[in-house]
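Notes to accompany the following structure.
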Amino acid sequence: MKYEKEKLEEKKERAYTILTRLKKIYPTASTALHHTSALELLVATILSAQCTDERVNLVTKALFSKYHTTNEFADANRAELERIIKSTGFYRAKANSIINCCKMLVEKHGGVVPDTMEDLVKLPGVGRKTANVILGNFYGKTEGIVVDTHVKRLSELLELTKQTEPEKIEVDLMQIIPKKNWIAAGNILILHGRNICTARNPRCKECKVNDLCPSAKD
DNA sequence: CTCCCGATAT
DNA sequence: ATATCAGGAG
């Protein structure tokens, strides 16, 4: 709890310095999930739960060559869909989410993926994390910050928040990061989490912001 | 809080 | 063997 007494302004400045330095390492920070439409990004993001983006891209390559429209996903053969996405884990729940989600898109949104947080989180299998990914990376809208397992871990290690619940962490981050950087911030923290600040053996020596991290080890 | 769940690195 | 991977629902 090194930064327990840190003032809000100081925390904002530290966060800004951290993100500015990391931005230089990851200049083109954007989603690593392959997609050519909002629908594809939605499906890919649903599949990304507790699974590496690398594997998601492998699966979606086959998946998107078979299913193209919201209608096709809504009417998909459940067994076949499950078979294709099986290797991403949670495959029954994910197949359910994809099918039910696309059914709602067809029934209530004319088959189009909505571009507001309000509508997105009403979709089955879609929470704030998934909604923020779509809003930020496809529609160029910033209604929040993506808080996935990486952003959660780094925010806690860097003591940018004392919260442990993703939604509360997001509120804290939104308070200390300028809105125009919300999208980039999420993508940068995710990349740094994958490359350097890993969950198991974080490579703190190689970390360019270890001097600003109370959890850094040598 | 638990459950969903396969693949991979350690 | 075990922890972890772009979470969300009940």
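Source: prediction; values computed, not measured. Naming convention: chains lettered A, B, ... in sequence-line order (proteins, then strands); numbering from 1 in each chain.
Using atom P as the reference point in both dC3(B) and dA6(C), the two lie 24 Å apart (nearest Å). Distance noted for atom P between dG10(C) and dC5(B): 14 Å (whole Å). Taking the P atom of each, dC4(B) and dA1(C) are spaced 23 Å apart, rounded to whole Å.
Counting only residues at least two apart or in different chains, salt bridge (Lys or Arg N to Asp or Glu O under 4.0 Å) contacts with residues 177-192 of chain A are absent. Among residues at least two apart or in separate chains, there is no ring pair (Phe, Tyr, Trp, His ring centres under 6.0 Å) pair with a member in residues 152-171 of chain A. Pairs of residues two or more places apart, or lying in two chains, that qualify as side-chain hydrogen bond (donor to acceptor under 3.5 Å, both in side chains) and include a residue from residues 40-54 of chain A are T36(A)-E40(A), S48(A)-K129(A), D53(A)-R194(A). Residue pairs that meet the ring pair (Phe, Tyr, Trp, His ring centres under 6.0 Å) test with at least one member in residues 182-202 of chain A, sequence neighbours left out, are Y26(A)-H192(A). Sorted by first and then second residue, the salt bridge (Lys or Arg N to Asp or Glu O under 4.0 Å) pairs with a member in residues 163-173 of chain A read R128(A)-E170(A), E165(A)-K168(A); sequence neighbours excluded. For residues 102-120 of chain A, the pairs satisfying side-chain hydrogen bond (donor to acceptor under 3.5 Å, both in side chains) are D115(A)-K141(A), T116(A)-D119(A), with sequence neighbours left out.
For the pair L42(A)/L105(A), a side-chain contact is recorded, criterion being any heavy-atom separation below 4.5 Å from C-beta on. K205(A) is not listed as a side-chain neighbour of K217(A), based on a closest heavy-atom distance of 4.5 Å or more.
Contacts of A32(A) with the nucleic acid, taken as non-hydrogen atoms under 4.0 Å apart, include base atoms. Within the nucleic acid shown, N57(A) has no heavy atom closer than 4.0 Å to any nucleic acid atom. Among the atoms of the strands shown, none is found under 4.0 Å from any heavy atom of L47(A).
Listed in residue order, the members of residues 192-210 of chain A having a heavy atom less than 4.0 Å from DNA chain B are R200(A), N201(A). Listed by residue number, there are no residues of residues 117-153 of chain A with a heavy-atom contact under 4.0 Å to DNA chain B. A heavy atom closer than 4.0 Å to some atom of DNA chain B occurs in no member of residues 161-178 of chain A.
Salt-bridge check for K7(A) with E10(A): failed, with every basic side-chain N at 4.0 Å or more from each acidic carboxylate O. Salt-bridge check for K66(A) with E80(A): passed, with a basic side-chain N closer than 4.0 Å to an acidic carboxylate O. With respect to the salt-bridge test (charged N to carboxylate O, under 4.0 angstrom), the residues E82(A) and R92(A) do not qualify.
Note: N137(A) CG to L33(A) CG = 8.0 Å, rounded to the nearest 0.5 Å.
What separates CG of L58(A) from C1' of dG6(B) is a distance of 13 Å, to the nearest Å.
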Every protein N/O within reach of nucleotides 1-4 of chain B N/O, cut-off under 3.5 Å:
none

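Among residues two or more places apart in sequence or in another chain, the salt bridge (Lys or Arg N to Asp or Glu O under 4.0 Å) test is passed with R21(A) by D211(A).
More than 12 heavy atoms of other residues, nucleotides or ligands shown are found within 6.0 angstrom of NZ on K11(A).
Comparing E54(A) and S97(A) along DNA chain C, the residue whose closest nucleotide (by nearest heavy atom) sits nearer the 5' end is E54(A).
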Query - Intermediate values then yes/no, side-chain hydrogen bond (donor to acceptor under 3.5 Å, both in side chains), R78(A) and N96(A) - result: CA-CA 8 Å; R78(A) 188 175 301 274; N96(A) 258 328; 2.6 Å; yes
Report task. Check step by step if side-chain hydrogen bond (donor to acceptor under 3.5 Å, both in side chains) holds for R55(A) and T88(A). Result -> CA-CA 7 Å; R55(A) 174 150 299 279; T88(A) 66; over 6 Å; no
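Taking 4.0 Å as the cutoff to heavy atoms of chain A, we find the contact window on DNA chain C bounded by dA3(C) to dA9(C).
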